[in-house]
Every structure is written in structure tokens, then in C-alpha cells.
Participant: 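Below you'll find the structure I mean.
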Protein chains: 2
Amino acid sequence: MQVPAGPKGTRDFFPENMALQEHLFSSWKKTCERYGFELYDGPMFEHLELYKQKSGDEIEDQLYFFKDKKGRDLALRPEMTPSLARMVASRGRDAKLPLRWYSIPRLFRYEKMQKGRLREFFQLNMDILGIAEVSADAELIAAVIDMMRDLGFTAEDFKVRISSRTLLEELFIAAGLARETCAALYALLDKKSKIPSEEFERDLMGVVPDALVRTKIEAIFGASSFDEICRIGDGLPSVKDLLELFSLLSSYGFSDYAVFDIGIVRGLAYYTGIVFEVFDIRKSLRAIAGGGRYDKLVSLYGGPPTPAVGFAAGDVVLGELLKEKGLVPALRPRSICYCIAVSDSDSENVIALARELRNRGVSCEFPLKNTGIGKQLKLANAARSLYALFIGGAEGAEGMVKVKTMATGEETLMPRNEIVGKMTALAHAAHESLKR
Amino acid sequence: MQVPAGPKGTRDFFPENMALQEHLFSSWKKTCERYGFELYDGPMFEHLELYKQKSGDEIEDQLYFFKDKKGRDLALRPEMTPSLARMVASRGRDAKLPLRWYSIPRLFRYEKMQKGRLREFFQLNMDILGIAEVSADAELIAAVIDMMRDLGFTAEDFKVRISSRTLLEELFIAAGLARETCAALYALLDKKSKIPSEEFERDLMGVVPDALVRTKIEAIFGASSFDEICRIGDGLPSVKDLLELFSLLSSYGFSDYAVFDIGIVRGLAYYTGIVFEVFDIRKSLRAIAGGGRYDKLVSLYGGPPTPAVGFAAGDVVLGELLKEKGLVPALRPRSICYCIAVSDSDSENVIALARELRNRGVSCEFPLKNTGIGKQLKLANAARSLYALFIGGAEGAEGMVKVKTMATGEETLMPRNEIVGKMTALAHAAHESLKR
């Protein structure tokens with residue numbers, strides 16, 4: 001009989017795969033907590049309507065959706081922001097703003113599989129709600145940079161690429177475009193780098209038939225630096241915001257990590273201000289993270305008007321980049337101590353010692369069946385234990401325990417009544433050094 | 001417009017609810033690691049067939065199941081063991097036994113809502129695969145006891161109630177019952193405590209028409225102690241196993257926590273040996289945890305014969321018990337330091353200090369908008385910060401920072417160039433004391 005496989009687009013996390021996930025999640029958690037963010041979570045599925053309200057009916061194509069036994073339309077969550085906005089909206093005026101919230105949701109999208117894209121994946125989500133000022137955008141961009149730095153990446157590895165939805169709108173309107181046409185142009189700009197330039201030219205002519213306006217639009221699209229945009233859009237409120245953003249990022253010491261990029265539009269329609277994406281330096285992978293300001297979502301779900309800014313970073317692309325850069329840490333010991341019974345009659349003493357060690361927080365195992373010393377040492381190796389403790393034998397009769405350091409093979413004798421204290425100190429030292 | 005609610009039977013975890021979850025999960029993780037268990041995870045949904053293979057077609061009634069866009073039958077996972085067994089089976093003979101694996105899965109069951117039961121919940125799962133000896137059962141029962149102890153529960157709060165599927169079968173057959181009838185009797189025994197005694201008598205008469213056999217069965221069911229069972233089943237292999245189990249638990253120092261209970265059958269058909277459930281002392285709540293030996297599941301999915309023993313503990317009942325016993329810890333500080341700008345022009349210095357603190361791992365926030373000192377102190381309170389640091393003012397001009405201890409209101413002055421080192425030490429001390 002063939003062993004069944006898991007569903008397409010999902011992953012089995014064996015302990016050796018889980019180690020990378022744990023590394024990623026604990027680094028994420030550390031960064032969030034340093035920035036004063038609090039953990040929240042929502043249901044794994046929501047009413048289908050929640051996603052349609054934000055993204056339109058066509059979102060169904062990307063969703064796992066189904067009816068429950070009472071005929072309710074439900075969908076596995078494809079992103080966290082709708083649940084977040086619903087939860088904040090449900091608090092109404094009682095939400096104690098500003099909120100600094102983070103989550104590490106498991107998400108589901110029924111999409112074509114490709115490199116860096118699975119149907120089941122994890123994200124880090126960080127959001128600040130209640131601050132309309134650009135300082136919140138800066139704080140979040142600083143957080144995404146520190147998230148990358150904590151994982152070991154440098155300004156040589158990645159860049160945060162920043163633009164603004166308001167900037168585009170203001171520039172387009174100043175260039176003579178009608179407000180209703182802006183959305184079509186965002187979509188076109190969003191796919192500019194993904195389609196041949198002739199196709200782009202043709203599509204642009206369709207959206208902007210007026211040659212004079214089109215020339216101005218092309219000048220905007222072609223702007224190669226923020227300085228150039230500042231000249232074109234001199235005095236526009238959105239340009240002022242971006243200038244302040246870059247000045248704040250300089251206060252954070254993060255100028256090296258952030259660049260202006262007119263091509264960053266973000267596909268989702270709900271962004272209302274500054275938007276950003278994080279890419280590896282060569283842009284060889286999909287976006288590592290993306291986010292921006294979305295001031296209208298909480299009120300869309302019936303909550304009070306609530307300014308908001310957030311970003312999401314996925315685990316799949318980041319995992320690839322960690323592997324590529326050699327930043328995946330080695331597997332940790334499964335247990336610090338492995339207790340070996342010198343003879344079968346020592347197993348009761350093995351349990352007693354294991355119990356004392358575990359009571360002190362020292363991870364510890366033993367074979368759970370009678371077997372020879374050689375086999376037990378192999379099991380200690382398989383457990384990646386740092387120390388093997390030999391219980392019994394001639395040493396045991398004299399009140400001693402032989403301790404073997406697995407990495408070096410070195411053996412020392414310790415009195416039985418001191419072993420727990422000594423191993424506790426060694427375990428503590430090992431944990432500290434494993435923390436980096 | 002009304003704010004939409006989440007789906008029935010699910011929970012929104014606001015940060016204040018999440019704190020209990022985090023407490024539970026980190027305690028679970030700590031216990032598992034002390035016992036040398038490694039974390040794994042599987043997909044959130046599996047092929048529907050996986051669950052039917054283990055539990056029969058009637059499992060559909062309890063599942064959220066659906067077809068994906070390609071017509072595949074999928075189901076949200078209602079338990080973790082099928083994914084575990086599938087993963088281990090997929091490794092075939094390459095699985096390095098024994099495995100000590102744990103997981104904290106989010107699970108879904110479409111069930112009638114009642115106290116302690118939701119449609120979306122979490123579990124701790126611990127399993128040992130590859131050990132046929134009763135020492136693995138003892139190790140897992142010790143682990144579930146230590147899980148409860150780490151949460152603050154004592155032998156006055158809970159008991160592990162232990163029985164054995166093999167014991168029942170051996171006793172029933174020794175009493176003259178046909179092997180085929182055993183399953184019906186397990187089911188009857190499982191519901192004995194939940195139905196009126198007349199109903200039980202009537203059902204028993206149906207399953208066991210022979211009066212002589214029935215008398216023996218009633219004596220088994222009525223056994224009030226393990227000693228009595230030992231007399232009835234003297235010499236049976238399963239009695240020997242149970243005697244060894246209780247002897248091992250005594251080596252672990254856990255005799256006070258474990259009792260024999262003939263009424264523990266476990267509803268699931270797949271158990272093959274010792275079974276156990278953890279209940280609060282008054283049995284006023286649903287089971288806190290349950291588990292046992294299941295030696296045939298890995299081979300059911302096409303893997304090699306693999307002895308296995310495991311248990312699962314749910315978050316909902318445990319959360320209720322923690323609240324009932326006053327064991328829910330207080331909310332932790334959202335950030336250790338809150339940086340206050342004495343005047344609007346100090347905000348750049350606030351960012352610079354926050355950056356230094358965060359670089360040292362000290363959690364830190366600031367208001368992200370210009371506002372008065374009184375308002376900023378309120379925000380520091382809302383963030384449950386331990387210290388407010390005043391940046392600027394007369395003290396700032398002299399190179400000093402005023403530090404206010406929020407709990408006492410006490411204020412001290414520290415040199416700006418020493419503040420990061422001092423706050424790092426204070427934050428470290430605070431974290432150590434919060435660890436208990």
C-alpha cells in the first residue's frame with residue numbers, strides 16, 4: 001500500500017524543517033516585542049463575505065471556500081488584515097488607540113504553484129492603528145528593516161522600495177488625468193515590469209489617449225530618482241510626506257535600507273497612502289514583504305474611521321533567502337543530557353535522575369528500553385545531546401556519575417549529589433551560547 | 001452598519017486573550033523540551049480519505065470538509081494523529097526510532113457547542129513512536145503530569161485516570177465473552193457514567209444475554225480498585241503491564257497523580273493498549289487530556305509496523321481550569337520603556353534613543369505624534385510600561401534623562417550616555433522576574 005501524501009501546495013514540517021520555521025517565528029516575535037507590538041489572532045476561516053467586501057467577488061478565484069453544515073459561506077483566510085480590521089471595528093470607540101498589533105497567521109490561497117509560492121503559508125503581520133501621521137509609516141518600515149537585520153540580512157542583501165498611492169494620484173491629476181482613470185493606471189504601472197515594453201506602450205495608449213497627458217505620465221513613470229519626482233511634484237502634500245518619511249528613516253539610521261521606487265503600486269486596491277515592498281537586492285525572488293497605509297478598511301467593516309498602516313512578510317520567500325545566504329542555524333540539541341543505564345537494573349535510577357534534571361528545566365531523555373551501552377550512545381548522538389551521563393557501574397557504586405561530552409569524547413567523573421547542579425549550569429551556558 | 005462577527009464556534013484573540021494562549025503554549029513548549037520532544041507540524045487540511053480510513057465514514061458528521069477547485073475532497077484537520085502517522089509512514093524504514101514528537105495544532109470539529117467545547121481549538125500533542133515497552137506509556141503519563149504541574153496544578157487539582165484496552169479484552173474473554181462482542185461493550189462502558197443506570201442495565205442485557213457471563217462482567221465494571229482487578233485478572237499480561245506502569249510512575253515520583261479507573265475506555269477505536277484521561281479532581285469539566293497506545297495506525301497508512309503512544313490536551317478546558325484556580329498570569333508590559341518627548345523638537349532624539357534600546361533588545365515605544373507630556377504618560381500607562389524616559393527639557397540640555405518608575409512614581413536622573421546600559425540591565429531583571 002502506498003503512503004498517502006498531503007494535499008497539493010501544503011507542507012509536512014518534520015522536526016528538521018520545523019527548526020527553520022521556529023527560527024523565523026522566534027526572530028519575528030523578538031522584533032515585534034522590541035517595538036512594543038502585542039500578539040493577536042483571529043479565526044482560521046471567516047465568513048466569505050468579509051473578503052468579498054474588501055476585494056470584490058473575483059477574490060473567490062483565489063480562495064478555499066465552502067459551506068458549513070448550516071449552509072454558511074466560509075473561506076479559509078487568505079490574509080490577516082480583514083480579520084484585524086473586523087476585530088478593531090468590533091471594539092468601536094472603545095479601542096484604545098494607538099494599537100501596535102502583530103500576528104503570525106497561517107494563510108491559504110488557491111493559486112498556481114511557483115517558486116516562493118505555496119497554497120498554505122505563514123506571514124508576519126505588523127500593524128499600527130490610530131496614527132494618521134507619517135511617523136507610523138516610518139516606524140513600520142523601521143520594524144521591517146529590523147526584522148530583516150535580526151535574521152542576519154544587511155543593506156547588501158535587501159532594500160525597502162517605497163512609493164505612495166497619493167503621490168501617484170496627485171501626479172496623475174496634475175498631469176491632466178481624470179480621477180476615475182487613476183485606478184486603471186495603477187494596475188498598468190503595477191504590471192509594467194512584468195510585461196514586454198511594447199505591450200505596456202499599447203496599454204498605456206489605451207488608458208491615456210491624450211498624447212500631451214501621456215508624455216507627462218511617461219515622464220513620471222520614467223523618473224529614476226526621488227529628486228526627479230520632487231521636481232515634477234514640487235509642493236504636493238504627498239511629496240512632503242515622502243520627504244518627511246525619508247528624513248525619519250534617517251533618524252532611525254536606516255537610510256541605506258530604503259529607496260524610492262515609483263514602480264511600487266501594490267496590487268490591492270485598499271491602500272490610501274505610502275506603500276512599500278521589500279525585495280532581495282537583485283530582485284531575483286518575489287517580494288519578501290509588502291505593506292502600506294490603509295485608512296479606510298476599519299470603517300468599511302462598520303467601525304469608526306481609523307487610520308492604519310501595516311505590512312506582511314511571508315515565510316516561503318524568506319526561508320529561501322535564508323538558505324541562499326547560509327543564514328539557517330544548525331539544528332539544536334533535542335536534549336542536553338542523555339541518561340545511560342550501565343546495566344538493566346539501573347533504569348530506576350535513570351528515571352530518578354531524569355526527573356531531577358527535568359525539574360530544574362534541563363532537557364533530558366533516556367532510551368525507554370533495556371539495551372547495550374553502545375546502542376544508547378548512538379541514541380544520544382541521534383538526540384544531538386551535549387552530554388551522556390552513565391548511571392550505575394563501578395562509578396555508581398562509589399556515588400559518582402561518568403559524564404561524557406559528546407562533541408569531544410572527553411569523560412569526567414562527578415559526584416551524584418552534585419550532578420544536577422552542574423548540569424543545570426552547563427545547560428544554562430549552552431542555551432545562552434545557542435541564543436548567539 | 002453592523003460590524004460582522006466571526007464564524008460560530010471560533011474565537012477572536014485580542015491581545016488580552018492571547019496572553020492566556022501564549023502562557024499555555026509556552027508552558028507546553030517548555031515541558032515538551034524538558035522531555036526531549038521535537039516540534040513538528042502538518043497541513044491544516046488533509047485529504048478527507050485520511051480521516052475516513054482511521055475513523056470510518058461517520059467521521060464526516062464532525063468534519064468541516066469541502067472540495068477544492070480541482071474536485072479533491074479535503075477536510076480541516078479534526079485531530080493531529082492521522083497527519084503524524086502519515087508523516088511517519090512516509091519515512092518508511094528510514095524513520096530514526098524512537099521519535100519523541102510534539103505539536104500544538106489548531107483543530108476544527110463541527111460539533112454542538114457546549115462548555116469546554118468549541119469548533120476551533122488548539123491541542124498539545126505528544127507522541128513517542130518506536131517503543132513497544134510500557135516505559136513509553138509511563139514517560140508520556142509523566143509528561144502530561146509535568147505539563148499540569150508546570151501550569152501550577154497539584155495532585156489536589158487533577159488526576160490521571162488509567163486503564164487498558166487489552167485489560168478489558170482479556171478480562172471480558174476470561175469472563176466468557178466472544179471477542180467480536182468486546183467492541184460493543186467498550187462503547188457501553190464508555191457511556192456508563194453519562195446515562196441512567198437503568199438504561200445501562202438494559203443495554204448490558206442486550207449486549208451480554210448470558211446471565212452468568214453478565215454477572216462476571218458486572219463484577220469487572222464494579223471493581224473499585226486496581227487491587228480488585230489484579231485479583232480478578234491475576235496473571236493476565238495486561239495486568240502485569242499495568243502493575244509495571246504504576247511501579248514506573250512511582251519511580252517518577254508521581255504515584256499521587258495517577259489512579260486506576262476501569263471506566264476509562266476512550267471513544268476512539270484505534271487504541272490497542274493502555275489508555276488514560278486527565279480530569280479535574282471533581283470531574284466537573286470535560287477531560288483535560290486523553291491518550292494511550294495505538295500500535296497499528298502507522299501501518300494502517302502503509303508504513304512499517306510502529307508501536308506508538310500519545311496524548312492530546314485541549315486549550316479550552318485547560319483555560320477554564322486555569323481561570324477557576326486563579327492561575328492566569330497578569331498581563332506583561334507591552335514595552336519596558338516608553339520614551340517621552342518633552343517638546344515637539346525632541347522627537348528626533350526620541351527615535352535615536354528608541355533605536356539604541358531596541359538594538360539592545362529592550363522593548364520600547366513612543367507616541368508617534370506630537371502631544372503633551374500628560375497624554376504621553378497616559379499612553380505609557382496603556383502600554384503597561386515599567387519606565388517612562390523623558391527626552392529633552394532642562395535635564396536633556398545637561399546631558400541627563402529623567403526616568404520615572406511607573407509603578408511607584410519615583411523619578412531619578414541618569415546620564416544620557418549611561419541610560420541604554422542601565423535600562424538593558426533593568427529590562428533583563430524584569431524579564432527574569434516575569435519568568436516566575
Side-chain angles (χ1 to χ4, degrees), chain A residues 1-4 6-7 10 12-15 18 22 33-36 38-47 50 64 66 68-69 74 86-87 89-90 96 98 100 106 110 120 131 133 135-136 139 146 251-253 301-303 334-335 348 351-352 355 358 361 363-365 368-369 382-383, chain B residues 1-4 6-7 10 12-15 18 22 33-36 38-47 50 64 66 68-69 74 86-87 89-90 96 98 100 106 110 120 131 133 135-136 139 146 251-253 301-303 334-335 348 351-352 355 358 361 363-365 368-369 382-383:
Chain A
M1 179 200 155
Q2 215 194 328
V3 178
T10 68
D12 288 340
F13 293 101
F14 288 86
M18 203 68 207
E22 281 194 281
E33 290 179 357
R34 279 194 291 162
Y35 274 75
E38 293 182 286
L39 188 61
Y40 74 98
D41 198 358
M44 187 68 57
F45 50 75
E46 291 273 7
H47 292 292
L50 191 77
Y64 286 92
F66 54 94
D68 76 2
K69 294 181 207 306
L74 302 174
R86 176 180 66 67
M87 285 168 66
S90 77
K96 279 194 190 151
R100 290 167 178 259
R106 188 192 277 246
Y110 197 93
E120 180 184 37
I131 304 282
E133 283 78 358
S135 47
E139 174 89 337
D146 260 335
S251 299
Y252 281 95
Y301 291 136
R334 187 168 91 185
S335 37
E348 195 174 324
I351 292 178
R355 175 194 170 199
R358 289 167 175 172
S363 60
C364 175
E365 30 180 317
L368 295 173
K369 64 198 279 186
Chain B
M1 179 199 155
Q2 216 194 327
V3 177
T10 67
D12 288 340
F13 293 101
F14 287 86
M18 203 67 205
E22 281 194 281
E33 290 179 356
R34 278 194 291 162
Y35 274 76
E38 293 182 287
L39 188 62
Y40 74 97
D41 199 359
M44 187 67 58
F45 50 76
E46 292 273 6
H47 293 291
L50 192 77
Y64 286 92
F66 54 95
D68 76 3
K69 294 182 208 305
L74 302 173
R86 176 180 67 67
M87 286 168 66
S90 77
K96 278 193 191 154
R100 290 167 179 258
R106 188 192 276 246
Y110 197 93
E120 180 184 37
I131 304 282
E133 283 77 358
S135 46
E139 174 89 337
D146 260 335
S251 299
Y252 281 94
Y301 292 136
R334 189 167 91 183
S335 37
E348 196 174 323
I351 292 178
R355 175 194 170 199
R358 288 168 175 173
S363 59
C364 174
E365 26 179 321
L368 296 172
K369 64 198 279 185

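Note on naming: letters A, B, ... go to the chains in the order of the sequence lines (proteins, then strands), and numbering restarts at 1 for each one. Given the structure is predicted, the values throughout are model-derived calculations rather than measurements.
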Participant: For B:Glu348 and A:Ser251, work out which heavy atoms get closest and say how close.
Facilitator: CG-OG, 3.2 Å
Participant: Is A:Arg358 in contact with chain B via its backbone, its side chain, both, or neither, using a 4.5 Å heavy-atom distance?
Facilitator: both
Participant: If I measure from the heavy atoms of chain A, does B:Arg86 come under 4.5 Å with its side chain, its backbone, both, or neither?
Facilitator: both
Participant: Do you know the tightest heavy-atom contact between A:Glu120 and B:Met44?
Facilitator: OE2-N, 2.8 Å
Participant: Less than 4.5 Å to any heavy atom of chain A: does that hold for the side chain of B:Glu46, its backbone, both, or neither?
Facilitator: both
Participant: How close do A:Glu365 and B:Tyr35 get, counting heavy atoms only, and between which atoms?
Facilitator: CB-O, 4.4 Å
Participant: Do you know which of A:Gly303, A:Ala352, A:Gly302 has the most heavy-atom pairs with chain B at a distance under 4.5 angstrom?
Facilitator: A:Gly302
Participant: How long is the span from the CZ atom in A:Arg34 to the OG atom in B:Ser335, to the nearest 0.5 Å?
Facilitator: 13.5 Å
Participant: Hey, what do you get for NE2 (B:His47) to OG1 (A:Thr10), rounding to the nearest 0.5 Å?
Facilitator: 7.5 Å
Participant: Less than 4.5 Å to any heavy atom of chain A: does that hold for the side chain of B:Arg334, its backbone, both, or neither?
Facilitator: both
Participant: Would the distance check show the side chain of B:Glu139 and the main-chain N or O of A:Leu368 forming a donor-acceptor pair, the cut-off being under 3.5 Å?
Facilitator: no
Participant: Which atoms form the tightest heavy-atom contact between A:Pro7 and B:Phe45, and what is the distance?
Facilitator: CG-O, 3.3 Å
Participant: So A:Phe66 and B:Phe66, would you call those rings parallel, tilted or perpendicular, with 30° and 60° as cut-offs?
Facilitator: parallel
Participant: Which of the residues B:Lys69, B:Gln2, B:Glu22 is involved in the greatest number of heavy-atom pairs with chain A at under 4.5 angstrom?
Facilitator: B:Lys69
Participant: Heavy-atom pairs under 4.5 Å with chain B - which of A:Met87, A:Lys369, A:Glu133, A:Glu33 has more of them than the others?
Facilitator: A:Met87
Participant: For A:Pro4 and B:Tyr301, work out which heavy atoms get closest and say how close.
Facilitator: CD-O, 3.5 Å
Participant: Would you compute the distance between atom CG of B:Leu39 and atom CE of A:Met18 and round it to the nearest 0.5 angstrom?
Facilitator: 4.0 Å
Participant: Identify the two heavy atoms, one from A:Ala89 and one from B:Val3, that lie closest to each other, and give their separation to 0.1 Å.
Facilitator: O-CG2, 3.6 Å
Participant: Any idea which of B:Gly42, B:Ser90, B:Pro43 has the most non-hydrogen atom pairs under 4.5 angstrom with chain A?
Facilitator: B:Pro43
Participant: Mind ranking A:Tyr40, A:Phe14, A:Phe13 by heavy-atom pairs under 4.5 Å with chain B and telling me who comes out on top?
Facilitator: A:Phe14
Participant: Among B:Gly361, B:Ala136, B:Gly36, B:Pro15, which residue has the highest count of heavy-atom pairs closer than 4.5 Å to chain A?
Facilitator: B:Pro15
Participant: Is the number of heavy atoms from other residues, nucleotides or ligands within 6.0 Å of NZ (B:Lys96) greater than 12?
Facilitator: no
